[in-house]
Each structure stands twice: as structure tokens, then as C-alpha cells.
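Take a look at the structure set out below.
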There are 2 protein chains.
Amino acid sequence: MITIKDIAKLAGVSPSTVSRVISNHPRISSETSLKVKKIMKEMNYHPNMMAKSLVSKTTQTLGIMLPRPAEELFQNYFFGELLRGIITHATRMNYELLLSTETSSSDELNAISRLVHGRRVDGILLLGSKREDPIISFLEAEKFPFVLIGRSETHPDAPMVDNNNVQTAFDATTHLIAQGHKRVGFVSGPPDLTLSHDRLLGYKNALEEAGLDANNDWIVEGEFLQESGFRSMSLFMSLPDRPTALVVIDDNVAFGVLRALAELGYNVPEDISVVSFNNIALSELASPPLSSIDIGTYQLGYTAVQVLLKILNGEHLPQNPVIIPHRLIVRDSSLFTLSGNA
Amino acid sequence: MITIKDIAKLAGVSPSTVSRVISNHPRISSETSLKVKKIMKEMNYHPNMMAKSLVSKTTQTLGIMLPRPAEELFQNYFFGELLRGIITHATRMNYELLLSTETSSSDELNAISRLVHGRRVDGILLLGSKREDPIISFLEAEKFPFVLIGRSETHPDAPMVDNNNVQTAFDATTHLIAQGHKRVGFVSGPPDLTLSHDRLLGYKNALEEAGLDANNDWIVEGEFLQESGFRSMSLFMSLPDRPTALVVIDDNVAFGVLRALAELGYNVPEDISVVSFNNIALSELASPPLSSIDIGTYQLGYTAVQVLLKILNGEHLPQNPVIIPHRLIVRDSSLFTLSGNA
DNA sequence: CTGAAAGCGCTTACAG
DNA sequence: CTGAAAGCGCTTACAG
């Protein structure tokens, strides 16, 4: 392994000088700088990041903490898109990314405390949060820099990048109501996620504002899996007063919903309209093409890295949370106006 | 930050002794060990990994190199499943994972050489390879430990974990031939990937063995995207002698194929049968449910980590490449026997 | 503008 | 079984 000393010797200067050349120290003669840089290139020298980290107390690395049942996340296109946004900006800013996950629920702080106390990363990106999240408490107690992608109810001051998910669900529901629907159901996600909670609230708000009944039979909770949507339909459609429209928490879940409806012999959108969330690439190719709220997934990841780097630089955060705008993409699955309603 | 010296002082021993306790050195009295461990716990001490790495020349970290157009990969459920296998075993073995990607094609060795020369990782996992891959040449020249998930034609001695992709495509094609199909098409992936190449070969071998014609009009190359499959169909189905069955390189691509066929008014499997690869969770819920070759995606990732750790331990690799077994999951999309053929 | 020296938090022969 | 010392490859006041 070739070190800073080797370069120094070859260039006829001291190791300190080489170090200064590497870090573009202002008070170094351009002559010396050029000479040293030439030799570094010739020798294909790269600084040892571990040594650098040890003295600088900085790692140029960001940690990504995946929530525990990563299985679910990984089955979701949404996650890939988020990761893509993260990687793009981190790479651009010369940061490395360390991927970590909770090892077991019995010891859920284990992974995070290894990262934090082992000084392996400069800051942490939290992908999603539970309604009560000990990881956030831990990071706040440690005063360790982090950004949450999502929203925390219990830690309102935590730096967050999120959509306005009450509003996303409000918009989706209102769109269906505007088509004349009076009985709108909601296929939700895991109840311990803030995301599910917020969207449920937005859904209820929209019904209330329209003076429509909320009916608990029209709300079902599940997971972010196609199977979840698939299974929920037999129950829904057998209700005496079944919904004529559905808001579905996630595109994948909506695929399961569409499949179940097809098997049960219902037509979308004529028999029942569907709007979901995330607008993954596949939504457009579903049968029928799926109306979906585009939440700017890539932008969420990208922005989260920007915010975290600001924190690391000690910059002031002009606003918190940072809200990524969403918009409803209307496709065939909700393009059906109920008769008798203008 | 609390260091090994602080612990030593509190325990009334030397830093060397604390270090030995941490690494479970055999010649340490259990009395001393207990005492030191107690204090470490009380003080919530965690060793500084950077310092440890600097002297031990080891990082307990594995690098994951993503191929460049990561966009494609990330849109693919397949990738999530692979990553899940990697994370599971790496975490279990107390290794961290560094996620990296080529920054630009003009400087494709930049990211990898930062990892290798910066000594940030102990070994590297390569996700997929191109037919001519400078990254593999680089790693071999540097004698840096790595495992390729996939197969390299130009570097047959590189450690690899792969399916037998000639065989996977052979099996898929043979299954269709067994249903009586005489005109079988192939929707392939990017031609510069070894994977595409191998599966095309398996497809051709199967045709040849059955004494059937290969027809270049029945072969189309594209990307691992739904759109790719979608677009390929208008061409295929307008051929005078169009195929009655299709082998499709990837489930996502197959979704696009199914969608296009539905729009064009063809029934699957009656008008045309389809078999694809990867058997992602969604395959089962497609309309119709998709026959697919299960390639053991999770196992590929998991095994790749196992192999890489073996290399790091200096163990001998009993075989190379390691082949993960596959199996055909037959579903409705290929369950139709052409009349006049037993 | 440059160098010598101390130090980052660990590990590991060497000695006892 | 344990400690003192040297060293891993860097950076950074301090001095000139």
C-alpha cells in the first residue's frame, strides 16, 4: 500500500505538504502542488479513508436505516425509486452510503448504535417511521445528525422530508367524490405507520367536508403487498351497501385490488372506481391504467440527502418539515362519472 | 467520545488489556474480562471502527457495486429481492454494506477505485456484468476480493454466483414446445449483457433439439422494462407467421407484453402463450397468472455474500461458479396445448 | 510557503 | 496473564 510518506519522499517534500496539497490548502505554492499531484497520479495514490476519518472525525459516509420488515419495502418499486434519489445526490456530493437494517425487534437499537457509536457514518437517513419510534429517540438523545423520510408524530422537531399525506388522501378522495361517488372505501396500510394514519385522516376529512358518511366497514387495514389488496376485496364487495369507489394506500396494493375485482367479475371503473398512491411506473400499464397520486418519490430521496448535508454543514434549516409536492394523475381507473350527479 | 483509555482507567488495567477483552483474547483472566466488560456496558462503550480498521487493515464492510443505469435495476423487483438476500446474510455475519455505483461511463473506474484504494471495504459484490467489463479487469489486476453475481465471459476464473442461464431458457422454451408450439419467439434484454446472451443461446438450443426453425424475426432485444415488452408486441403480432408462444427475459417485460396483447385483442394463453423469468411476487397476480422460471433471487444474493466471506477468510472455493438451481413455475399463461399435438 | 511533532483510537509483537 | 511501546496513515496547530 502506497502512503502519503511515499509520495512525500518521491516529491522531496514533507508528508504535511502532501496532505495540504490533497486538501487544496490555500497557502501552498502552485509549483509544489503541481509536482506533488503529478507524482500522486503516477503512483496511483489514493488516501486511506480510515486514517483520514480517524483524525478528521468525519467519514464522508451517510447511513441508510431500513425499517425492519425490509421484505415489504423491497417488494415495493417505491423503495427503489427512493433509493435512486438518495444515491444520485449522495454520489454527486462525494458521499458514500452505508446500508443498514434493524437486526431483530428484540434489540432494535443494536444496528443504529453500532453505526453511531462506531463512528461509521456522519449522518443517518431514516426510511419511514413507526408511530412510536425508539430509533428517533435514540438519535435525538445522542444528538446525532439524521433526517427522517416521512413524519414523526412523537418527535415533531425531528428534521423531516415528507409529503403532506393528509392532503394527498384528501385530494384522492375528493377526486372520487367529484365524480359523484357517495360511498367511498379506503384500503389502508399497517396501522402503526404514521403514513397510514395521515392518509386515513385525509380520507375522513374529505368525506366530512362533502357531508358524506364515513363507515368503518369501508375501511380495511393491511400491508403494502398485493396480496393484502387482493384479500380485502371479497369482504368489501359482499357488503350490503358496498362502496362504489376506493382509495388505496399504495399502487401495489391496488394491483391486488384490481386483480380481485376482475376475478369477482366487477368492472373498473364502471362498477367501482380506484385511486391509489405513489404512481410507480407500472401504474400506467395496469388494466385499467391506475389513477394515482404522484408523491415525487425520487425527489423525496434526493431532498433528504440535501437536508442531511445541510445539517452536517451546520446550516440553518429554513423549514421543517420539507414538504414534497404531490399531484393526482388521473387515468382510466377513476374516469367514470356516476349518473345523477353532475 | 469515550475511548479504550477511559475504560482502561476505570477498570484499573492497561488499554492493551481492554483491547484483548474486546477481541476475546484467550489468555485473559475471566475475572479481568468480566470486570472490563461490565464497565464497557456501564459506559456504553463502542470501539471506534475507524481506528480499528486503520490498524487491522480490515473494515468489516462489503461493497455493493450497482451497474450504471441503476434506474433500470431499481425499477425491478428482482433487485430488491437480491439486495434482501445480501443484507440478510451480511448483517448476520456482522458485516456492513456500502452501496456504490459508477458515476459516469466516461470514468467508470472512478467509484470502484475509490472503494478499493481508499480501503473502505474488504471485498466487493458485483451485481451483474456486461460482456466486457473493465471493473472485473481492474479488480483482478488489483487482486482485490470480489464476487460477481452473474457470469463473465471474458473472465471465466472470476468468482461467480449465477444460475445456469442457458439451461433456464432451455427449460422455458422446451416447456412451450412440449405444449405443441412450433413457432416460439424470444423477447430479450440488452444485448451487451451476458444474461441476455446466455438465455438466447438456451432458447436456440431448445429449438434446435426439437428440430424447430429459429427465425430472427421472432427475436427482439430491449431493456428490463415493461415498456420494452409493451412496444415489442405490435411488431411481433403483425408478422405473417407470428409466434404462438413467447419466452420473455423478465417478468416486468412480460407484464408489458401481456398488456400489449390485451390491447391488441389477443388472449393469453389461447392465442399466444407466455413464459418469463424471475418469478417475482407479482407474477402470480398477473392476468393471466404468469408462468415463470424461479431463479432463486434471494438465494443468489445470500450465497454471493457467503462466497465472498469465504474468499476473505482465505478458504478454498470448492466450485466456481456456484450455480443456484432454478425451477419452472407453470401458471395459466402457458397452460394451453395446441391442438393436433399430443 | 513548508516542516517537525504530536495525536486521532486502536492493535500487537515484545517482554516479563 | 498483563503492560509499555511502537505503529497504522493521516491532519493540524505551532514555529519559522
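Scope of the values below: all heavy atoms of this structure, side chains included, with no hydrogens, waters or symmetry mates. Everything numeric in this text was worked out from a predicted model, so none of it was measured. Order of the sequence lines fixes the chain letters, A, B, ..., with proteins taken first and strands second; residue numbering starts at 1 for each chain.
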Q: Identify which nucleotide among D/dC8, D/dT2, C/dG9 has an atom closest to any side-chain atom of B/Lys57, counting heavy atoms from C-beta outward.
A: D/dC8
Q | Partner nucleotide of C/dC14 by Watson-Crick or wobble geometry (both distances under 3.5 Å) | A | D/dG3
(Q) Using a 4.0 Å heavy-atom cut-off, does A/Thr3 contact any base of the nucleic acid, only the sugar-phosphate backbone, or nothing at all? (A) sugar-phosphate
Q. When we call it a touch if two heavy atoms are under 4.0 Å apart, what does B/Ser19 touch: a base, just sugar-phosphate, or nothing?
A. base
Q) Any ion pair linking A/Lys38 and A/Glu42 (charged N to carboxylate O, less than 4.0 Å)? A) yes
Q: Answer yes or no: does a side-chain N or O of A/Tyr45 lie under 4.0 Å from OP1 or OP2 of D/dG9?
A: no
Q: May I ask you to verify if any side-chain N or O of B/Ser56 is less than 4.0 angstrom from the OP1 or OP2 atom of C/dC10?
A: no
(Q) Going by side-chain contact (heavy atoms from CB on, under 4.5 Å), B/Leu98 matches just one of B/Leu62, B/Leu125, B/Thr59, B/Leu115. Which one? (A) B/Leu115
Q.
Considering every strand and a 4.0 Å limit on heavy-atom distances, what is the contact class for B/Ser23: base, sugar-phosphate, or nothing?
A. nothing
Q: Please check if atom NZ in A/Lys35 has more than 12 non-hydrogen atoms from other residues, nucleotides or ligands closer than 6.0 Å.
A: yes
Q.
So A/Ser16, base contact, sugar-phosphate only, or nothing? Heavy-atom distance under 4.0 Å.
A. base
Q) What class does the angle between the rings of A/Tyr302 and A/His89 fall in, given that below 30° is parallel, 30 to 60° is tilted and above 60° is perpendicular? A) tilted
